[in-house]
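Along the sequence shown, residues carry numbers from 1. Numbering of ligands and ligand atoms starts at 1, following listing order.
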Amino acid sequence: MEIQRIVLRHMKMDLLHPFTTAVGTEYDKDFILVEVKTKDGISGWAESVAAIDATYKEETVKTNWHMMEDFLIPLLLKEPISHPDEVFERFHHVRGNYMAKAALEGAVWDAYAKQQGVSLAKALGGTRDKIEAGISVGIQDSVDELLHMIEGYLKTGYKRIKVKIQPGWDLNILREIRLRYPDIALMADANTAYTLDDIDTLKAMDEFNLTMIEQPLGFDDIVDHAQLQAQIKTPICLDESIHSVDDVRKAIYLGSCKVINIKIGRVGGLTESKRIHDLCEANGIPVWCGGMLESGIGRAHNIAITSLSNFTLPGDTAASSRYWKEDIIDPEVTVEDGMITVPTLPGIGYEPNRERIDRYTLYSRTFHA
Ligand SMILES: O=C(O)CCC(=O)c1ccccc1C(=O)O
Ligand SMILES: [Mg+2]
């Protein structure tokens, strides 16, 4: 594949509802949209999950733009690519910056799948034609509001409910949810809000039969998590502290978790996501696909990777309408009976809507080979 040009767009879209976690509230979404144009006229698309600030991980929209512009795009444009797996290797000497790398690599994967005439899911080795949709519910002003939202999402058919927790918004809400819904698949995401000093609270969560607790401890920790996992029954799922297949190998060795959340952006792309998926499968560790409030383009990538066999737990991939008044793809992502149909058209399988993309673009820059 010969890349002729790469277009970066700094996008800004309003979220329908504010989203609050242990680290802050998001009202709108700034992100970088990547379009890779090949010599034979194909456009491959992806988005970076780096946010405007560094509250989730250290990468931001601006650091991504800098890394893409000054280092990653020149590497990508240097010589042709025969398979998207090569992109990870080509970026290898640039340390970290996984989200920036993943966005460029993802656009190459989409272009490659389109060139081959197959869906991205198929190009990745996916086997499912439908995936289970789960939903991540932010911290609310009151327990009543939270219960009301959960009721709505269950009516829509979502297969599992994830609630954001933090000290003071944890045992109380989990108890209320379980009183009302004793049997639903329920999990909690702490986004690093606890330490081992909170062991009593974390142990107390065992009574709620959660499918897992996500990232209770430090964003870069796998050692304390191993200590915690040895003392609680609830399976720990790692999100923030996993960036590579090597991180997963070490976490399995230490016993830091029983489940892995794969976010394509956090681990440097689809190729590394597949490697993590395979290692987890070989070790009996189920995986699921995390979300970063993506537009339809990132969402399409999440749907494609979730079609792989070891994505056995519902992820955070929800319908477009849960986030946006209008999405930037046609058709938008919909959930029916709690399921999302994996597209079979070539590439990501949804058509980017250029009119809407232009409307949400703050600025753009084109890089020529
Ligand atoms: O609906 C989604 O996209 C998932 C939302 C979510 O939980 C999340 C959103 C932004 C940053 C981190 C996380 C997380 O999984 O920790
Ligand atoms: Mg998380």
Report the C-alpha separation of R359 and E326 in whole Å, then their side-chain angles, then the decisive distance to 0.1 Å, and conclude whether the salt bridge (Lys or Arg N to Asp or Glu O under 4.0 Å) test is met. CA-CA 11 Å; R359 193 139 34 88; E326 52 174 19; 2.7 Å; yes

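Environment of CZ in F219: sparse, with no more than 12 heavy atoms of neighbouring residues, nucleotides or ligands closer than 6.0 Å. Heavy-atom neighbours of H148 NE2 from other residues, nucleotides or ligands within 6.0 Å: at or below the threshold of 12. Within a 6.0 Å radius of CG in D337, no more than 12 heavy atoms belonging to other residues, nucleotides or ligands are found.
Under the 30°/60° scheme for interplanar angles, the aromatic rings of H10 and W65 are found to be tilted. Using cut-offs of 30° and 60° for the angle between ring planes, the Y153 and Y158 rings count as perpendicular.
Using a 4.5 Å heavy-atom threshold, the side chains of W109 and I264 count as separate.
Judged by distance alone, the side chains of S309 and E281 do bring a donor and an acceptor atom under 3.5 Å apart. In the model, D246 has no side-chain atom that pairs as donor or acceptor with a side-chain atom of S244 under 3.5 Å.
Excluding waters, the count of protein N/O/S atoms less than 2.8 Å from the Mg ion (ligand 2) comes to 3.
The residues lining ligand 1, counting any heavy atom closer than 4.0 Å, are F19, Y56, S136, K162, K164, D189, N191, E214, D239, K263, G291, M292, L293, D316, Y323.
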